[in-house]
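To start, the structure itself, in C-alpha cells.
Counting from 1, the numbers follow the sequence of the chain as shown.
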Amino acid sequence: MILFAFSCYESMAQRLRAMPRVKPGQFTITRFHNQELYAVVEGPVAGEHCLILGSIAPPDEQILSLLLLSHTLKKEGANRLTAILPYLAYSRQDKAKPGESLATAWVGSLLKTSGFNQVLTVDVHSERDKQLFPIPLISLSTASLFAAAVNNHRLNDAVIVAPDNGAIARCEAVKCAAGMPAGETPYFEKQRTEKAIVHRGPIGKVGPRVVIIDDMLDTGETLVSACEKLKEAKVEEIYILVTHGLFTGTKWTQLWSLGVQRIFCADTVPLRADIDATNTSILPVSPLLHEKLSSMDDES
C-alpha cells in the first residue's frame with residue numbers, strides 16, 4: 001500500500017507509515033496563475049493499492065484537492081483507492097428534505113466518480129450515511145479509545161450520560177469496553193427549535209460526576225444545553241468525550257462555567273491553534289486505523 005497524506009494529517013501519517021507494508025507516496029498540489037488546481041504524483045503507482053489521508057471539510061480547496069489527487073492516481077494506473085477521512089464532513093446533511101441539498105449523497109458520488117473504491121472514517125454520524133454512499137463506507141468506533149480514557153483518568157465511578165437518544169448506543173459501547181456495569185444509560189430528549197436546542201432531562205439517575213459521550217463538538221450548543229440541565233440536577237463534575245472536536249465559534253467555551261472539568265477528543269480533526277490544551281486531552285486514532293489497514297492488507 002502507498003500512503004499519500006495531506007499536510008494537515010502529517011503526524012497521523014507518520015504513525016501509519018511505520019506499518020511494515022505501507023510505503024510513503026509523494027505528491028504536490030499547486031495552482032496555475034489562473035488559480036486552477038494542478039496535481040503531480042511522483043513515482044509509479046500502477047497496480048498499487050493507494051491510500052489518501054486527508055479532509056473534505058471546508059475550506060473547499062480540501063475536497064477539490066483530494067478529488068483531483070485521486071483522479072490522477074487512477075489515471076496513473078492505481079489498482080485500488082481508499083480514502084481515509086478521519087472526520088467525514090457533510091455527514092450531517094443526510095436527511096432528504098424538500099428543496100434542500102442532500103450533501104452526504106453528493107459527497108459519496110463525487111468520491112466514487114473520482115476513483116475511490118471505499119472510504120475509511122471514524123464514528124460516522126449515522127447509519128443513514130452508509131446507505132447514501134454508493135461505495136463502502138467503513139466507520140471505526142472510538143469505544144476502545146474512550147474506554148481507555150475513562151479507565152486511565154479514574155472516571156469509572158462517574159455516570160455515563162447521552163446528550164440525546166442517538167448517542168445512547170455509543171455510550172453503552174464505551175461502558176462495555178471499559179468494563180463498567182451495563183445498566184440503563186441516562187439520556188436527554190433533544191428538540192431543535194428555530195432559536196435554540198432544548199433539552200428535557202436527564203432521564204435516568206445521575207450522580208455527582210458524569211461523563212457525556214457524543215460524536216461531535218461543533219458549536220457546542222447541544223453540550224451546553226445538556227450541561228445546563230446537569231448543573232440544575234446538582235451534578236458537580238462533568239467530563240466530555242467527543243470524537244470530532246471542531247470547536248466552532250465561542251459558545252462552547254461556556255462549558256467551563258457549567259462544571260466541565262476536561263474535554264477529551266480524538267485527533268480526527270486538527271486541533272485549532274487557539275484551543276487551550278490545559279483542559280483538553282487529545283486521543284490519537286492511529287491505532288484504530290493501523291489495525292484496520294493491517295486487516296485490509298491481509299485480505300488483499
Side-chain angles (χ1 to χ4, degrees), residues 1-13 15-17 19 21-29 37 39 41 45 47-94 103-142 215 243-244 266-270 285-286 288-297 299-300:
M1 292 185 285
I2 304 178
L3 176 65
F4 296 86
F6 283 84
S7 59
C8 59
Y9 285 113
E10 181 54 35
S11 60
M12 188 183 297
R15 299 186 184 99
L16 296 181
R17 292 191 194 107
M19 292 177 61
R21 285 178 279 188
V22 172
K23 299 176 288 186
Q26 302 297 324
F27 71 98
T28 57
I29 303 286
L37 288 171
V41 174
V45 297
E48 296 279 3
H49 181 181
C50 294
L51 316 170
I52 301 180
L53 172 59
S55 174
I56 59 172
D60 296 338
E61 179 179 343
Q62 292 197 129
I63 186 171
L64 292 174
S65 297
L66 182 133
L67 295 174
L68 183 59
L69 175 59
S70 63
H71 188 270
T72 305
L73 290 170
K74 199 69 176 179
K75 179 186 77 73
E76 291 300 301
N79 178 54
R80 189 168 182 79
L81 286 177
T82 296
I84 304 177
L85 306 174
Y87 164 57
L88 185 64
Y90 296 96
S91 61
R92 287 179 288 177
Q93 297 189 49
D94 59 353
T104 306
W106 168 69
V107 163
S109 297
L110 286 175
L111 292 169
K112 179 181 180 180
T113 301
S114 295
F116 283 110
N117 299 96
Q118 61 185 354
V119 176
L120 184 59
T121 190
V122 180
D123 276 351
V124 71
H125 183 64
S126 71
E127 288 299 311
R128 172 72 172 155
D129 295 322
K130 297 179 182 179
Q131 298 169 10
L132 291 172
F133 260 57
I135 54 178
L137 175 57
I138 304 166
S139 178
L140 304 180
S141 169
T142 54
D215 66 328
T243 304
H244 312 297
D267 62 348
T268 57
V269 178
V285 298
S286 51
L288 303 178
L289 294 171
H290 190 293
E291 181 180 0
K292 184 59 184 179
L293 291 175
S294 295
S295 66
M296 287 169 51
D297 192 30
E299 294 168 1
S300 61

* Can you name the closest pair of heavy atoms from Ala5 and Ala13 and give their distance? -> CB-CB, 3.5 Å
* Asked: Is there a donor-acceptor pair closer than 3.5 Å between any side-chain N or O of Arg128 and the backbone N or O of Asp94?
  -> yes
* **Pairs meeting criterion side-chain hydrogen bond (donor to acceptor under 3.5 Å, both in side chains) with involvement of residues 62-77, two or more places apart** => Ser55-Gln62
* Asked: Will you find, in the side chains of Thr104 and Gln93, an N or O donor that is under 3.5 Å from an N or O acceptor?
  -> no
* Can you name the closest pair of heavy atoms from His290 and Leu16 and give their distance? -> N-CD2, 4.1 Å
* Hey, mind stepping through Leu289 and Met12 against side chain to side chain contact (heavy atoms under 4.5 Å, CB included) and telling me if it holds? -> CA-CA 10 Å; Leu289 294 171; Met12 188 183 297; 3.5 Å; yes
* To do: Heavy atoms only: give me the nearest Cys8-Pro270 pair and the separation to one decimal.
  => O-CG, 3.5 Å
* To do: Quick one: pull up CG in Leu120 and CD1 in Ile52 and give me the separation to the nearest 0.5 Å.
  => 13.0 Å
* Side-chain donor/acceptor of Asn117 to backbone N/O of Leu81, under 3.5 Å -> yes
* Looking only at heavy atoms, what is the nearest atom pair of Tyr9 and Asp267, with distance? -> CE2-O, 4.1 Å
* Where the side chain of Ser139 meets the backbone of Val124, is there a donor-acceptor pair that is under 3.5 Å apart? -> yes
* Find out whether Leu111 and Leu67 are in side-chain contact, i.e. whether some heavy atom of one side chain is under 4.5 Å from a heavy atom of the other. => yes
* Would you say Ser91's side chain and Asp129's backbone share a donor-acceptor pair under 3.5 angstrom? -> no
* Asked: CD of Glu10 to CZ of Arg15: how many Å apart, nearest 0.5 Å?
  -> 11.0 Å
* Asked: Using the ring of each side chain (for Trp, its six-membered ring), is Trp106 parallel, tilted or perpendicular to Tyr90, with breaks at 30° and 60°?
  -> perpendicular
* **Test side-chain contact (heavy atoms from CB on, under 4.5 Å) applied to Thr268 and Leu88, Thr142, Leu140, Thr243, the passing residue** => Thr243
* To do: Please test Tyr87 against Val285 for side chain to side chain contact (heavy atoms under 4.5 Å, CB included), starting from the C-alpha separation and ending with a verdict.
  => CA-CA 11 Å; Tyr87 164 57; Val285 298; over 6 Å; no
* To the nearest 0.5 Å, how far apart are CG in Asp215 and CG in Asp123? -> 7.0 Å
* Asked: When rounded to the nearest 0.5 angstrom, what is the spacing between CD1 in Ile56 and CG in Leu64?
  -> 11.0 Å
* Asked: Step by step, would you call Gln118 with Ile135 a side chain to side chain contact (heavy atoms under 4.5 Å, CB included)?
  -> CA-CA 6 Å; Gln118 61 185 354; Ile135 54 178; 5.6 Å; no
* **CD (Gln131) with more than 12 external heavy atoms under 6.0 Å** => yes
* Should the heavy atoms of other residues, nucleotides or ligands under 6.0 Å from NZ of Lys112 be counted, would the total exceed 12? -> no
* Asked: How would you list, by chain and number, every residue that makes a side-chain contact (heavy atoms from CB on, under 4.5 Å) with Gln26, sequence neighbours excluded?
  -> Pro24, Glu42
* Heavy-atom donor-acceptor pair, Thr121 side chain to Leu85 backbone, under 3.5 Å -> yes
* **From Phe27 atom CZ to Ile2 atom CD1, the distance as rounded to the nearest 0.5 Å** => 13.0 Å
* Structure fact -> salt bridge (Lys or Arg N to Asp or Glu O under 4.0 Å) test vs Glu48 passes for just one of Lys23, Arg21, Arg80, namely Lys23
* Write down the atom of Gly54, the atom of Phe6, and the distance for their closest heavy-atom approach. => CA-CD1, 4.0 Å
* Structure fact -> dist Leu73:CG -> Leu68:CG (nearest 0.5 Å) comes out at 9.5 Å
* **Nearest atoms (heavy-atom pairs only) where Cys50 meets Phe4** => SG-CE1, 3.9 Å
* Asked: Does any N or O in the side chain of Thr113 come within less than 3.5 Å of the main-chain N or O of Leu110, such that one atom is a donor and the other an acceptor?
  -> no
* **From CA spacing to verdict: side chain to side chain contact (heavy atoms under 4.5 Å, CB included), Leu293, Met296** => CA-CA 5 Å; Leu293 291 175; Met296 287 169 51; 4.1 Å; yes
